[in-house]
Amino acid sequence: MFQRILVANRGEIALRIIRACREMGIETVAVFSEADRGAHYLELADEAYCIGPAQAGDSYLMINRIISAAEIGNVQAIHPGYGFLAENAHFAEVCQSCNIAFIGPPHEAMSLLGDKVNAREVATAAKVHVVPGSDGLVDDETEAMAVANRIGYPVLIKATAGGGGKGMRVARNDISLKAGLKAASAEAEKSFKNAGVYIEKFIERPRHVEVQILADNHGKVVHLWERDCSTQRRHQKLIEESPASNLPLSVRQDICKAAVRLTKAAGYSNAGTVEFLVDQDNQFYFIEVNARIQVEHPVSELVTGIDLIQEQIRLAAGEELGMTQRAVRCDGVAIEVRINAEDPDNDFRGSPGTITKLRVPGGPGIRFDSHVHEGYTIGPYYDSLIGKLIVHRNTRPEALACLRRALDEFVIEGIKTTIPLAKEIINHSAFIEGQIDTTFVERTW
Ligand code: ADP
């Protein structure tokens, strides 16, 4: 087992990883930008090194500085968290060539699945349904129109290198297809330096259901059941839960089995997430693999009782998976609310500032993963997630009651947050009944 791990991230996920390591008796080396200097969570690491100025491009994304910190800190492994370098196959390869274990999948599997067109091919070969669409990239308007007319409008144009909802355009006819193709391709080139786009049938009012996977380096793969992440705004998840409500057990089992098949076919190991859309008839279609730990991993931890970060570390150290599929339980209901420093009254713009008062909820069934505290200043440099409130109860009504109480107890002053919107969502009849899809929030608010 590793004695020392470098945490190549910041904020709540850096703290989450430091905590997991501490419980395993592993020392941690944290890195920070000048903007994060003095953050309290850094005190919980055994060492911490500054790796550059506030801009992520000059610090958290600088591979050479992170590797230097790893060498100075004398670590055997790096945990990338999510975001930043977590899905950068080149970084994973650099770690390997420096003899530092990368806590994540092999770089080959990461580059294979990081390209969505390739991932669709892997899925098809593993007999997993993909959303009907183009065979590979579409090169020009004529080809795009032929595909769209074959599968039928509306269609979605998507970037093969896409992420974070960028490079996506809906088209409802030939005219909007032509315009959307140019726009999606230009956005993809700008965001990912890869203009390649493909076409999928646009599924009306789908649910977003994803499967948590754990895979070891010895060919064993298990799933940790699914999460429903349909409560989204502009393709950004707001609330996630496990298990997915109102989804028949047989469909849940089929989705999870499909995710395991795909993982095996891709030669994937460590933790990962296979994402699907589920249509109104409960047909499910693969959309993509996230080759990393995800923000919403705690809901799976609570229903299964498995610590995903600790598992990631064990798997990266070459250990065999210690559990059988039958032993992975799914107990009760867990729901996570992301708390962002954003202003719902001002188009969800970031709301930087200092937290002047903070009262965090507690008591039975509540977990709060966050690096912030009273007096903490949220700067303008990084994403706006300041914490995740997660509840776990025996039934969904009990989990909702617990969440309602927790959100009512919450006090954050000095900045604007998404808590008021979360309260409205969880008190809406459609949400209470579990009648939600990815368009619910935008249709209702
Ligand atoms: P990204 O990697 O940019 O997050 P995804 O492929 O994961 O892109 O899709 C993000 C979200 O976009 C999904 O959760 C869903 O809400 C929506 N979406 C993606 N593909 C489709 C589709 N074919 N039809 C309808 N909605 C879709």
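No hydrogens, no waters, no symmetry mates; every other heavy atom, side chains included, goes into these values. Along the sequence shown, residues are numbered consecutively beginning with 1. Counting starts at 1 for both ligands and their atoms, in listed order.
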* Asked: Less than 3.5 Å between some nitrogen or oxygen of G164 and one of ligand 1, yes or no?
  ->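 Yes; the residue has a nitrogen or oxygen that sits under 3.5 Å from a nitrogen or oxygen of the ligand.
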* When you check the side-chain N and O atoms of S300 and R227, is any donor under 3.5 Å from an acceptor? ->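 Looking only at side-chain atoms, R227 and S300 do form a donor-acceptor pair, the distance falling under 3.5 Å.
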* **Over all atoms of both residues, closest heavy-atom pair of I13 and R10** =>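 Result for this residue pair: CG2-O, 3.6 Å.
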* Minimum heavy-atom separation for A316 to N270, with atom names? ->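 Where A316 meets N270 most closely, the heavy atoms are N-ND2, 3.7 Å.
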* **Distance under 6.0 Å and angle within 45° of ring axis: R233 vs F348** =>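 Yes; both conditions hold, so R233 lies above the ring face of F348.
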* Does R396 make a cation-pi contact with F431, if we ask for NZ or CZ under 6.0 Å from the ring centre and within 45° of the axis? ->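 That pair qualifies as a cation-pi contact.
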* Asked: Between L156 and ligand 1, which part of the residue brings a heavy atom under 4.0 Å of the ligand: side chain, backbone, both or neither?
  ->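 Contact part for L156 vs ligand 1: side chain (C-beta onward).
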Which of the ligand 1 atoms, numbered from 1, are nearer than 4.0 Å to a heavy atom of [X]:
| X | value |
| --- | --- |
| E275 | 7 (O) |
| K201 | 22 (C), 23 (N), 24 (N) |
| T438 | 16 (O) |

* Just go through K166, K158, K116, H235 and tell me whose heavy atom is the nearest to atom 1 (P) of ligand 1. =>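 Among K166, K158, K116, H235, the closest heavy atom to atom 1 (P) of ligand 1 belongs to K116.
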* Proximity winner for atom 26 (N) of ligand 1, if only heavy atoms of V289, N290, D437, L277 are counted ->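 Of the listed residues, L277 has the closest heavy atom.
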When you measure from [atom] to every protein heavy atom, which one gives the shortest distance, and what is it?
| atom | answer |
| --- | --- |
| atom 14 (O) of ligand 1 | H208 ND1, 2.8 Å |
| atom 16 (O) of ligand 1 | Q232 OE1, 3.0 Å |
| atom 3 (O) of ligand 1 | G165 N, 2.6 Å |
| atom 10 (C) of ligand 1 | M168 CE, 3.7 Å |
| atom 25 (C) of ligand 1 | I203 O, 3.3 Å |
| atom 7 (O) of ligand 1 | E288 OE2, 2.5 Å |

* Is the Y60 to Y381 ring centre distance short of 6.0 Å? ->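 Not under 6.0 Å, so no.
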* Asked: When the ring centroid of F440 is compared with that of H428, is the distance short of 6.0 Å?
  ->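 Aromatic pair counts; centres sit under 6.0 Å.
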* Main-chain N/O of A39 paired to D36 side chain as donor or acceptor, under 3.5 Å ->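 No, the answer is negative, given that no donor and acceptor are paired below the 3.5 Å cut-off.
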* Does E301 reach the main-chain N or O of L308 with its side chain, forming a donor-acceptor pair under 3.5 Å? ->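 Looks like yes, one N/O pair under 3.5 Å.
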